Amino acid sequence: MKVRRMLAVATALSTSVLPVLAQAAPRDDEITALRREMRAMQRQMGDEIRVLEARIARDEGRAVPAAADHAAGDVPRVVHAHRWAGGPLPVIGAPQGPAATRRPRTDAETRLITPEGPIPSWAEIRAATARDETVHVGGMGIGFPGGRPTISSDDGAYSFSLGLTAMEDLGGFVGAGPKRGETNGNFNSFTQNARRLRLYFSWRYKDWVANVTPEFGSSSVDGSVSLFEANANYTGLRHTTLTVGYFQPRMEEESAERASSFEFLERPTIIDLVRNLAGGVARFSVGGEHYENRWQAAAYFTGQKFGDRNKDATITDSQTGAVARIVGRPYVSRDIDVHVGAGATSAFKVNQNSKGRTYTFSDNMEVPLGETALVTSGALSNVSQIWAAGPQMAFRWRNFLLKGEYYHIGVERGHEAGAAPLPSLNFDGWYVAANYTLLGRGRGYNIRTGAFTTPGVEHDFDPARGDWGALELSGRWSVTDLADIANQGGTGINGNQQTVWAGGLNWYPNRHFKIMLDFDHFIVSRSKGVSGGVNLLGRNGNAVAGRVQATF
């Protein structure tokens, strides 16, 4: 109500009192100067009114008009300022110094910084960039909107920003030793791994954005340097981003959350397997995504991954495929969020190399410490097409979140010359995860990504004031079944099944740092498809791993 009264008074002054006084004043030099000052005050009040409107709309969950460019022909546009994921709305009269950390934070201001998008449009940038974070020097703006170092022109048309994701893991395996007749494999009792080390370089000209992100921790064994993304984007269409280049198209809710927002150190195995069929990191993609308050849709045509031909010089025909996703929120209230949707992917053809068109499904036990992968389909020969599809569902009640996904994988195979036709194969996998926020705001829904995001940190970690950040507890059950028929991966080589029970505790001292601790118990059935005789009789074991994460 206080904001509404301020808005009413400011509107009355700017639209009636000031113009009347200006017209009634005598025409001498002193009054002329006063008129100029009054006009400047009126423009400033207009800016403040727009900010107050944005704050009211944010609190009430309405859309507000973005500030229009004063250039002729520019049409005001509507943005959901309260939904913008790139930083807080402008604040008038915000307390400075130590007191600034004590003011109530908006929901957007409590969530963990997520450098991997989605990309805001130019209108959203102009409407939502906090002015008190920027210093203007010689026609340039230098600041940290959303915690990201940014240099821009005064009108924001040109800008360059730098972001960071750094994940350092440590931990080991307990009770994962081999059975009699098996070899040890790689199951360190204690080790360390730089899981993701990404530097985000972003260049903008109005609604055109180019992203280049090198990756210095691109696998479960650090020391591998690669590329996370290199793409061009257009954001000028309402609530839409169009992309071409090396990108990560996302068809699953778990992937749409972004890696920095995961409940556990890694995705469930079935998610990693299906996302890498025609998507995954640094996949050449052409497509886009669009969101509204109640739904989000995305579709991409995809090709090979960055570095495929460098890793295998015998590739003579590159992969092509597609990824699609549509999700919605059929019911939303203050305490309840319901998410439903579906994702689908297909590799119309896989890479052809000196061995023909072959494909092997394989993954670790959802622990990124460089361990030997135990679940496998075996090497599948003469693959003509692979597809996967399935539903995704989630339900939030206050601070409790329950979600799950199921995917079916189909492998179509061609005919080898002089041999009997190869049968098609069918695999399955699913997971169910539960999460409860002990401290802070419960996990919230991001309409731009169509997925849930991190708990909200209402006050940064400060024990002297009784503030402890945010804390969440999670549990997950995941199953991946890659066994269909005997000898599917060659003579004597069958697929196998993996089950993982996981528990996790995550602490968020502020919006930029996250500390994770996971416990995993895995059960994997036997398969000669695992090289080196590591899983001849099946493996059970446990893993304890932690992570320190920073995002800017």
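Just so you know, these numbers come straight off a predicted model, no measurement behind them. Heavy-atom basis, side chains included; hydrogens, waters and symmetry copies ignored.
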Is it the case that the side chains of [Y] and [X] hold a donor-acceptor pair, with the cut-off being a distance below 3.5 Å and no angle test?
X: S424; Y: E412; answer: yes
X: Q392; Y: Y407; answer: yes
X: N233; Y: T241; answer: no
X: N193; Y: D169; answer: no

Keeping [X] on the side-chain end and [Y] on the backbone end, is there a donor-acceptor pair under 3.5 Å?
X: T480; Y: Q498; result: no
X: N487; Y: G492; result: yes
X: N506; Y: E263; result: yes
X: D363; Y: E366; result: no
X: D308; Y: Q304; result: no
X: R547; Y: M167; result: no
X: N496; Y: L374; result: yes
X: R398; Y: F400; result: no
X: T551; Y: I113; result: yes
X: N186; Y: G370; result: yes

| request: Could you grab the distance from atom NZ of K403 to atom CZ of R443, nearest 0.5 Å is fine? | output: 6.5 Å

| said: Heavy-atom count check: over 12 atoms from other residues, nucleotides or ligands less than 6.0 Å from R309 CZ? | reply: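 Incorrect, the count does not exceed 12.
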
| request: Step through the shown structure and confirm whether more than 12 heavy atoms of other residues, nucleotides or ligands are within 6.0 Å of NZ on K528. | output: no

| Pi-cation contact, F264 with R476 (under 6.0 Å, within 45°) | yes

| field | F228 six-ring face occupied by R198 cation (under 6.0 Å, within 45°) | value | yes

| Geometric class of the W507/F461 ring pair [parallel <30°, tilted 30-60°, perpendicular >60°] |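 The rings of F461 and W507 stand perpendicular, inter-plane angle above 60°.
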
